[in-house]
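Letters A, B, ... mirror the listed sequences (proteins, then strands); counts begin at 1.
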Number of protein chains: 2
Amino acid sequence: MKNTPKAIVEITVDVVIFTIEDGELKVLLGKRIIEPYLGKWSLPGGFMWKGETSIEAARRILATKTNVADVYLEQLYTFDEPTRDPRGQIVTISYFALVPSNMIGLKQTEEYKSELFSVTKIPALAFDHEKIVKYAVKRLRSKLEYTNAAYSLLPNKFSLTELQKIYEIILGTLQDKRNFRRKYINLGLLEKTDAMSGGKHRPAVMYRFKKRQPIELQEKAF
Amino acid sequence: MKNTPKAIVEITVDVVIFTIEDGELKVLLGKRIIEPYLGKWSLPGGFMWKGETSIEAARRILATKTNVADVYLEQLYTFDEPTRDPRGQIVTISYFALVPSNMIGLKQTEEYKSELFSVTKIPALAFDHEKIVKYAVKRLRSKLEYTNAAYSLLPNKFSLTELQKIYEIILGTLQDKRNFRRKYINLGLLEKTDAMSGGKHRPAVMYRFKKRQPIELQEKAF
DNA sequence: TCAAAAGTGTTGAAGATACACCCATGG
DNA sequence: CCATGGGTGTATCTTCAACACTTTTGA
């Protein structure tokens with residue numbers, strides 16, 4: 001046992017960036033421009049640098065894809081199958097982030113493409129990234145049920161209907177409008193603003209989250 | 001950015017081994033016999049080996065401290081502050097395990113001591129292990145609320161009172177005996193055995209978990 | 001005036017909580 | 001016969017779910 005070699009590994013950080021667009025929950029994927037898995041879709045990620053923490057690396061990766069600062073970002077799981085990367089024993093610390101879709105920049109150059117994919121239509125992915133995405137979706141659902149994480153998918157001000165749609169899309173269940181409103185308002189996380197929505201129809205009262213930081217609820221609410 | 005050096009790190013695996021003893025939730029700690037932190041209490045842990053996964057390393061560490069096989073063991077979180085280990089950038093993948101107290105062997109040699117500490121009386125620990133323990137306790141509470149994890153703290157057969165005590169100790173709340181029994185039996189996780197408890201008083205019907213593997217409940221039950 | 005989304009209360013059912021006494025055993 | 005833990009049912013309260021119509025606006 002004393003002579004068994006320690007693993008000496010490089011660390012990558014992969015980020016599952018969720019957003020809601022066109023009424024669907026989507027994930028940002030990029031087409032790989034280097035080996036291994038050249039040309040395959042994969043999660044945005046990269047190596048962790050010397051002296052850096054994994055969450056700093058995650059923020060750095062996020063910053064290259066989006067222009068958001070105080071976004072919901074949480075460590076997901078560490079995947080370390082020794083065979084998961086053909087280059088050798090490379091451990092990945094995965095994160096997931098929630099970002100309003102208008103904050104995501106899709107760079108489309110000749111050699112590199114980013115695209116949003118509905119979580120119901122994920123293509124074959126590089127490495128074990130399909131497993132990571134599945135895990136992230138599961139975690140996201142449970143976060144929505146007992147935290148205020150939805151704040152991170154919405155602009156500062158939003159209508160209750162927009163909020164309700166987020167829950168319906170991610171949890172995959174329709175909510176009763178009156179029950180949803182009563183329940184959410186009673187959670188005490190929101191405050192009314194004096195703004196109203198524009199648009200073709202009756203204007204809606206715009207709400208705002210009192211705190212745009214993660215808050216855990218005592219009870220599962222949805 | 002291309003010239004920023006990748007972190008090349010060693011990986012340790014630390015395991016928070018929980019048990020219940022004398023009506024208290026306890027954690028197994030060992031006194032370190034090597035630097036750094038020589039002589040300080042710390043979580044059982046060790047380096048991940050080449051070609052090994054972190055959960056294999058966790059099982060290996062667990063096997064040196066206990067004699068259990070199919071125990072509840074779950075990845076907790078990965079801690080990677082570059083300064084967390086004075087030897088350099090060493091990342092730890094933490095796990096937590098639930099073990100019946102009679103399955104834990106406390107080796108006491110001249111140079112090495114293992115002891116169980118109540119989670120309310122954790123001494124100063126090496127590295128960031130206090131943070132890890134705190135995190136593990138929080139996670140354990142929530143696991144108890146919506147999984148059958150309690151199976152892993154009990155022998156095969158047990159009375160409902162013993163089960164109830166586990167919940168009371170870990171959640172820190174007293175349960176009503178009749179309500180607890182009705183609720184737990186309705187979860188459908190248990191089956192009666194035809195064994196009865198021995199002891200000085202009225203014998204209790206012994207139950208058994210139908211499955212001694214992790215099961216997630218749909219709803220938070222406690 | 002029409003289409004589309006906003007907004008609003010009540011009732012019934014189900015689930016959760018509170019609560020107290022008798023039973024079986026060993027010493 | 002006593003001390004100790006085992007075992008059981010009901011009434012109330014709270015919470016959740018189901019349900020439909022009116023209002024406001026822009027086109």
Side-chain angles (χ1 to χ4, degrees), chain A residues 20 22-23 141-142 144-146 150 154-155 157-169 171-208 217-222, chain B residues 20-24 141-142 144-146 150 154-169 171-209 217-222:
Chain A
I20 286 188
D22 302 332
R141 293 217 170 97
S142 104
L144 214 62
E145 284 167 352
Y146 65 91
L154 286 165
K157 299 178 183 179
F158 51 86
S159 70
L160 289 176
T161 301
E162 290 172 298
L163 179 62
Q164 182 178 342
K165 272 187 191 140
I166 296 217
Y167 278 81
E168 292 182 335
I169 291 165
L171 301 181
T173 56
L174 293 180
Q175 305 281 326
D176 178 89
K177 189 169 25 163
R178 282 168 289 191
N179 293 340
F180 180 87
R181 286 166 182 237
R182 184 177 32 240
K183 209 195 244 178
Y184 217 102
I185 287 167
N186 287 340
L187 290 177
L189 300 172
L190 301 182
E191 57 193 7
K192 276 192 190 183
T193 71
D194 45 11
M196 303 288 280
S197 66
K200 309 171 190 176
H201 310 298
R202 175 172 175 179
V205 173
M206 302 296 268
Y207 286 76
R208 153 174 59 219
L217 307 174
Q218 296 295 354
E219 298 292 332
K220 178 168 162 176
F222 295 95
Chain B
I20 286 188
E21 189 191 58
D22 303 331
E24 290 188 299
R141 294 217 171 98
S142 104
L144 214 63
E145 284 168 351
Y146 64 92
L154 287 166
N156 246 285
K157 297 177 184 180
F158 51 87
S159 70
L160 290 176
T161 301
E162 291 171 297
L163 180 62
Q164 181 178 344
K165 272 188 191 140
I166 296 220
Y167 278 82
E168 292 181 335
I169 291 164
L171 301 181
T173 56
L174 292 179
Q175 305 281 326
D176 178 89
K177 191 175 14 170
R178 282 169 289 191
N179 294 341
F180 179 88
R181 284 165 184 239
R182 185 175 32 238
K183 208 195 244 180
Y184 217 102
I185 287 167
N186 286 340
L187 289 178
L189 300 171
L190 301 181
E191 57 192 9
K192 275 192 189 183
T193 71
D194 45 10
M196 303 289 279
S197 66
K200 310 174 187 172
H201 310 298
R202 175 174 173 178
V205 173
M206 302 298 266
Y207 285 78
R208 154 174 57 218
F209 277 93
L217 308 175
Q218 295 295 353
E219 299 293 330
K220 179 167 161 176
F222 295 95

Worksheet entry | Thr173(A) and Phe222(A): CA distance, side-chain angles, deciding distance, side chain to side chain contact (heavy atoms under 4.5 Å, CB included) verdict | CA-CA 10 Å; Thr173(A) 56; Phe222(A) 295 95; over 6 Å; no
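- Between Tyr184(B) and Tyr207(B), the side chains place no donor N or O within less than 3.5 Å of an acceptor N or O (distance only, hydrogens not considered).
- Residues Asp176(B) and His201(A) each lie close to DNA chain C; by heavy-atom proximity, the contact nearer the 5' end of the strand is made by His201(A).
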Between the protein and nucleotides 10-15 of chain D, which nitrogen or oxygen pairs come in under 3.5 angstrom?
from, atom 1, to, atom 2, distance (Å)
dT10(D), O4, Arg182(B), NH1, 3.4

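- Dashed line: the shortest gap from a side-chain N or O of Thr161(A) to OP1 or OP2 of dA5(C) is not under 4.0 Å.
- Annotation: of the two residues near DNA chain C, Lys200(A) and Leu160(A), the 5′-most nearest-nucleotide partner is Lys200(A).
- Picking from dG26(D), dA6(C), dT17(C) the nucleotide with the shortest atom distance to the side chain of Lys183(B) gives dT17(C).
- Closest of all the heavy-atom pairs between Ile166(B) and Ala150(B) is CG2-CB, 4.3 Å.
- Distance CD (Gln175(B)) to P (dA18(C)): 11 Å, rounded to an integer number of Å.
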Can I get a per-line list of side-chain donor-acceptor pairs under 3.5 Å for residues 190-201 of chain A, giving both atom names and the distance, sequence neighbours left out?
from, atom 1, to, atom 2, distance (Å)
Glu191(A), OE2, Arg208(A), NE, 3.3
Thr193(A), OG1, Ala195(A), N, 3.2
Thr193(A), OG1, Met206(A), O, 2.8
Ser197(A), OG, Ala204(A), N, 2.7

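- Summarising the geometry, atom CD belonging to Glu219(B) is positioned 4.0 Å from atom NZ belonging to Lys220(A); distances are rounded to the nearest 0.5 Å.
- Between Asp176(A) and Gln164(A), the shortest heavy-atom contact is C-NE2, 4.2 Å.
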Would you tabulate the nitrogen or oxygen pairs shorter than 3.5 Å linking the protein to nucleotides 20-22 of chain C?
from, atom 1, to, atom 2, distance (Å)
dA20(C), N1, Arg178(B), NH1, 3.3

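- Side-chain contact between Leu144(B) and Arg141(B) is absent, with no heavy atoms from C-beta onward closer than 4.5 Å.
- Thr161(B) is listed as a side-chain neighbour of Arg181(B), based on a closest heavy-atom distance under 4.5 Å.
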